[in-house]
Amino acid sequence: MNKIIVGLGEILWDVFPERKVLGGAPANFAYHVSQFGFDGYAVSAIGDDELGQDILMSLEDKGLKYLLEKTGFPTGTVDVKVNKRGIPEYNIHKNVAWDNIPFSEKTGELARITEAVSFGSLAQRSLVSRKSIKQFLGAMPQGSLKIFDINLRQNFYTKEVIHESLEWANMLKINDEEVVVLADLYGWKGHNEQDICKEILAQYKLDIVILTKGIEGSFVFTRKEASFQHTPKVHVADTVGAGDSFTAAFVSSYLNGDRIVDAHQLAVEVSAYVCTQHGAMPLLPDAYRELFNK
């Protein structure tokens, strides 16, 4: 399991009223794939400040590999409030380190040996990071897996960014709220969610589209099959990072050669467990990780 899998984009501190928790969808993804035995890497940028040093220490404690360039911008933070239903609301600070990810020689070397990468729209709100993400994707080996975890936040996206990202990707992860946004941007109003996912699959060179719908379940669409799984009923601590763990578990199982339906089932179980924990990077129970040691 020495395949290198990268989470590329934002890394930051989710700042709750009572604590701060390491986060950012790409970093969450990288951490969870590393729990399944892959070489997970968080690739981003931090500030030359105390919060940046805290990120390095936290990643060391978690045993997660990283390539984090230091910049002259402050380390990213997000103010998070969790509502009564356990759903997070975000205030994402601008002009921070992960808005300015450089494409260094080391970054290029890592890209050339990366088996799979997850990237989103948020880090592409700045031209600097967007250019670096595009360079990373272009430097990856032919046949590698490029997952666009669309991750629409606030107003930090455009149709151009979404379109180009879908052109680069061969897998899309999207949720039910984001599907509504795409329907509006692409003029698909009146279409149901499943039809929109199938339209995206047909219009772009994607192999897989994953649609998550919270407590209403989730779908995985390929050109030949569709899988639906119910969401387990659990006591929700918060849903921060649940979608990232879903993507990581699915990708880990998929790269392990498992069937789509089996990868989907594992993703559902893992993300449900993450919902029962506080923060986006809980240690997974051995039962999930041992599936890869058979």
Side-chain angles (χ1 to χ4, degrees), residues 9 25-26 29 85 87-88 90 116-122 124-125 137 145-233 239 241-255 258-272 274-275:
F29 169 83
R85 295 182 295 126
I87 308 299
Y90 304 96
V117 64
S118 180
F119 68 102
S121 62
L122 182 55
Q124 296 187 68
R125 68 181 182 177
L137 295 171
L145 184 61
K146 299 168 184 175
I147 308 110
F148 180 37
D149 184 354
I150 193 167
N151 200 25
L152 303 181
R153 292 285 184 259
Q154 296 173 206
N155 61 341
F156 299 130
Y157 59 87
T158 63
K159 184 177 180 181
E160 179 189 3
V161 165
I162 292 170
H163 172 72
E164 284 199 359
S165 297
L166 287 169
E167 290 280 354
W168 300 335
N170 42 33
M171 183 184 294
L172 169 68
K173 157 70 167 54
I174 193 168
N175 66 31
D176 49 350
E177 294 180 353
E178 293 161 343
V179 161
V180 174
V181 175
L182 258 65
D184 184 46
L185 289 174
Y186 282 80
W188 294 331
K189 285 185 177 180
H191 293 61
N192 66 40
E193 296 165 338
Q194 295 183 54
D195 287 341
I196 291 170
C197 289
K198 292 173 184 176
E199 185 68 32
I200 296 168
L201 192 65
Q203 196 166 123
Y204 294 94
K205 296 177 182 178
L206 298 170
D207 298 319
I208 296 173
V209 173
I210 299 170
L211 169 66
T212 57
K213 293 168 55 66
I215 62 173
E216 296 180 17
S218 55
F219 290 89
V220 178
F221 301 98
T222 72
R223 297 183 186 278
K224 295 182 179 180
E225 63 183 303
S227 171
F228 174 78
Q229 296 280 352
H230 292 283
T231 300
K233 292 183 179 180
T239 61
D244 307 325
S245 69
F246 186 110
T247 310
F250 181 90
V251 168
S252 296
S253 186
Y254 179 74
L255 290 177
D258 297 333
R259 298 182 306 161
I260 293 292
V261 64
D262 295 329
H264 190 184
Q265 181 62 47
L266 178 66
V268 166
E269 293 177 3
V270 168
S271 60
V274 170
C275 285

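Residue indices begin at 1 and follow the sequence shown.
Note that CG of L166 is 6.0 Å distant from CD1 of I150, once rounded to the nearest 0.5 Å. Expressed to the nearest 0.5 Å, how far NZ of K198 lies from NE2 of H191 amounts to 12.0 Å. Within the model, atoms NE2 of H230 and CD of Q265 stand 10.5 Å from one another, a figure rounded to the nearest 0.5 Å. One distance of note links CD1 of I200 with CD1 of I174; it measures 5.0 Å at 0.5 Å rounding.
Inter-residue side-chain proximity for Q229 and V261 is flagged as met; some heavy-atom pair is nearer than 4.5 Å. V268 has its side chain out of reach of T231: every pair of non-hydrogen atoms, C-beta onward, lies at least 4.5 Å apart.
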Without placing hydrogens or testing angles, list every side-chain donor-acceptor pair under 3.5 Å for residues 175-183, not counting sequence neighbours.
unit_1 : atom_1 : unit_2 : atom_2 : d
N175   : OD1    : E177   : N      : 3.1
N175   : OD1    : E178   : N      : 2.8
E178   : OE1    : N175   : N      : 2.9
E178   : OE2    : N151   : N      : 3.3
E178   : OE2    : L152   : N      : 2.9

For residues 241-248, please give each side-chain donor-acceptor pair under 3.5 Å, one per line with the distance, not counting sequence neighbours.
unit_1 : atom_1 : unit_2 : atom_2 : d
D244   : OD2    : N28    : ND2    : 2.8
S245   : OG     : A242   : O      : 2.7
T247   : OG1    : G243   : O      : 3.0

Could you pull out all donor-acceptor pairs under 3.5 Å where a side-chain atom in residues 202-213 meets a protein atom, sequence neighbours excluded?
unit_1 : atom_1 : unit_2 : atom_2 : d
Y204   : OH     : H163   : ND1    : 2.8
Y204   : OH     : Y186   : OH     : 2.7
K213   : NZ     : E193   : OE1    : 2.5
K213   : NZ     : E193   : OE2    : 3.4
K213   : NZ     : E216   : OE1    : 3.3

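Qualifying side chain to side chain donor-acceptor pair (under 3.5 Å) partners for K224, counting only residues two or more places apart in sequence or in other chains: none. Scanning for side chain to side chain donor-acceptor pair (under 3.5 Å) contacts around S165 gives Q124, with sequence neighbours left out. Under the side chain to side chain contact (heavy atoms under 4.5 Å, CB included) criterion, A263 pairs with F250, S253, sequence neighbours left out. Scored by the ring-ring contact (aromatic ring centres under 6.0 Å, His included) test, F148 finds F119 as partners (sequence neighbours excluded). Partners of S227 according to the side chain to side chain donor-acceptor pair (under 3.5 Å) rule, which considers only residues two or more places apart in sequence or in another chain, are H264. The salt bridge (Lys or Arg N to Asp or Glu O under 4.0 Å) check on R223 picks up nothing, with sequence neighbours excluded. Shown here are the ring-ring contact (aromatic ring centres under 6.0 Å, His included) partners of F221, two or more places apart in sequence or in another chain: F219.
S118 and P26 make their closest contact through O-CB, 4.4 Å (heavy atoms, listed as atom of the first residue, atom of the second, distance). Contact record, N192 with D195: OD1-N, 2.7 Å, taken as the closest heavy-atom pair. The two residues D184 and K189 make their nearest non-hydrogen contact at OD1-CE, 3.0 Å.
For residues 148-160, the pairs satisfying salt bridge (Lys or Arg N to Asp or Glu O under 4.0 Å) are R130-E160, with sequence neighbours left out.
Residue L185 places its CG atom among more than 12 non-hydrogen atoms of other residues, nucleotides or ligands, all under 6.0 Å distant.
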